[in-house]
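Positions are given from 1, in the same order as the sequence printed here. Scope of the values below: all heavy atoms of this structure, side chains included, with no hydrogens, waters or symmetry mates. All figures in this text were calculated on a predicted structure; none of them were measured in a lab.
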Amino acid sequence: MSESSQLEQLTAAQLGQEQRRGVLILDTRPTEEFASFHIPGSMQIGLLGSFAGWAAILIRSSQKILLVAGDANCAQEAHSRLARVGLENVVGYALADKQQWQHHGLELIRLPTYRCEDVCHALRANPATQLIDVRSRAEWLQGHLPGAISMPLLEVNVQAVYIDPSKPILVYCQEGYRATIAASILLRDHAGDIGILTGGVQEWQACNMPLERPEMCLSSHL
């Protein structure tokens, strides 16, 4: 496609300059790669999923975007898929290169990831941990991690005011894709302790861990 062929690769220095100008850094890498290191303020939407659909919902069409990708082919694919949903203000792309970014003085952070057994230990160690379920309300009603707060991905920006940034936050969804997006959005406004359950409810159930349903909460108070 012609729009893809015109996408410019930017240097680490240019990336920093564009972010300071208000350009949105959209990191398209998978959860594990994004979690290991990324630029603060980035929004993550993984290319290997419903990338364009979520981007169209969460990003304004007028917003200028700078893509971060693992390689040039992924950047070009992301550019093409964004164009199909009306997100055409892509100023270029940068390849994720930790060594180069650090060499040019870019600040990098990581996103802690947890497996099922890690979550159990974390909850025992700190019962104040806030479990944030970013699936739809219908999914939450079918069963959620005990004590979790329902905060669908589409409402994260609005409902984030109900999160206590002084307490640890653990975000999860069905299998991890939406949780990473939500965590990246929360990290843009909160500098607190935020992590994700990478396997989501699917892994929780595979570990034979219990789910809680609203009727169970009701009956416990009768």
Side-chain angles (χ1 to χ4, degrees), residues 27-38 42-55 57-58 69-70 74 78 81 96 109-157 159-160 162-164 167-187 190 192-221:
D27 200 315
T28 65
R29 294 175 296 155
T31 292
E32 295 76 12
E33 295 178 30
F34 176 79
S36 64
F37 71 93
H38 62 271
S42 302
M43 178 185 288
Q44 188 273 358
I45 305 179
L47 188 61
L48 302 178
S50 302
F51 171 73
W54 281 113
I57 294 170
L58 297 171
C74 287
R81 289 168 66 179
I109 59 173
R110 60 182 296 272
L111 174 65
T113 60
Y114 298 88
R115 309 302 300 188
C116 180
E117 59 274 15
D118 300 324
V119 172
C120 296
H121 294 316
L123 292 176
R124 281 195 292 268
N126 191 346
T129 297
Q130 301 165 102
L131 291 172
I132 307 298
D133 188 323
V134 299
R135 299 175 301 159
S136 69
R137 182 69 176 175
E139 290 174 292
W140 186 81
L141 289 170
Q142 291 173 5
H144 52 269
L145 272 62
I149 301 168
S150 176
M151 192 174 295
L153 177 53
L154 293 178
E155 302 173 18
V156 163
N157 269 330
Q159 294 197 31
Y162 299 111
I163 296 175
D164 186 345
K167 298 177 181 178
I169 299 166
L170 184 63
V171 186
Y172 73 90
C173 61
Q174 190 64 24
E175 79 300 312
Y177 185 84
R178 286 171 287 176
T180 314
I181 300 173
S184 74
I185 293 172
L186 290 171
L187 281 169
H190 300 276
D193 180 2
I194 300 175
I196 59 171
L197 171 58
T198 53
V201 172
Q202 285 185 355
E203 181 181 295
W204 188 261
Q205 290 181 295
C207 292
N208 295 316
M209 300 299 292
L211 291 178
E212 188 174 81
R213 293 177 177 81
E215 61 268 21
M216 294 169 62
C217 302
L218 261 169
S219 62
S220 67
H221 292 289

Checking the side chain of Arg81 only, and the main-chain atoms of Leu47 only, is there a donor and an acceptor separated by less than 3.5 Å? yes

Nearest atoms (heavy-atom pairs only) where Pro210 meets Pro146: O-CD, 3.5 Å

Can you tell me if Tyr172 uses its side chain to pair, donor with acceptor, with the backbone of Leu145 under 3.5 Å? yes

Set out, in order, the CA-CA distance, both residues' side-chain angles and the distance that settles side-chain contact (heavy atoms from CB on, under 4.5 Å) for His38 and Leu187, then state yes or no. CA-CA 11 Å; His38 62 271; Leu187 281 169; 4.3 Å; yes

Rounded to the nearest 0.5 Å, what separates atom OG in Ser136 from atom CD in Glu155? 10.0 Å

Given the rule in the side-chain contact (heavy atoms from CB on, under 4.5 Å) test, do Trp204 and Cys120 qualify, once you have shown the distances and angles that lead to the verdict? CA-CA 10 Å; Trp204 188 261; Cys120 296; 4.2 Å; yes

So, taking the atom named OG1 in Thr28 and the one named CG in Leu48, what distance separates them when rounded to the nearest 0.5 Å? 8.5 Å

Any donor-acceptor pair under 3.5 Å linking the side chain of Gln130 with the backbone of Lys167? yes

Trp140 vs Val134, side-chain contact (heavy atoms from CB on, under 4.5 Å): CA-CA, chis, key distance, verdict: CA-CA 9 Å; Trp140 186 81; Val134 299; over 6 Å; no

Testing the basics here: between Ala78 and Phe51, what is the closest heavy-atom pair and its distance to 0.1 Å? O-CE2, 3.7 Å

Taking atom CG of Asp27 and atom CD1 of Ile45, what is their separation to the nearest 0.5 Å? 10.5 Å

Closest non-hydrogen contact found for Phe37 with Arg29 is O-NH2, 2.7 Å

Spacing of Ile181 atom CD1 and Ser50 atom OG [to the nearest 0.5 Å]: 8.5 Å

Has Arg213 got a side-chain atom pairing as donor or acceptor with Gln142's backbone, closer than 3.5 angstrom? yes

Return the CG to OG distance between Leu111 and Ser184, rounded to the nearest 0.5 Å. 8.5 Å

What's the spacing between Met151 CE and Leu186 CG if we round to 0.5 Å? 7.5 Å

Verdict with reasoning, Ile57 to Leu153, per side-chain contact (heavy atoms from CB on, under 4.5 Å): CA-CA 10 Å; Ile57 294 170; Leu153 177 53; over 6 Å; no

Could you check whether any side-chain N or O of Glu175 sits under 3.5 Å from a backbone N or O of Tyr177, counting only pairs where one atom can act as donor and the other as acceptor? yes

If you take all heavy atoms of Asn126 and Thr129, which pair is closest and at what distance? O-OG1, 2.9 Å

Are any of the side-chain nitrogens in Arg178 or Glu139 under 4.0 Å away from the carboxylate oxygens of its partner? yes

Residue pair Arg137 / Pro152: nearest heavy atoms and the distance that separates them: N-CG, 4.1 Å

The single option from Leu170, Ile194, Ile149 that satisfies side chain to side chain contact (heavy atoms under 4.5 Å, CB included) with Ile132 is Ile149

What pair of heavy atoms forms the shortest contact from Asp133 to Arg135, and how long is it? OD2-NH2, 2.8 Å

Applying side chain to side chain contact (heavy atoms under 4.5 Å, CB included), name anything that partners Thr113, two or more places apart in sequence or on another chain. Ala35, Ile196, Thr198

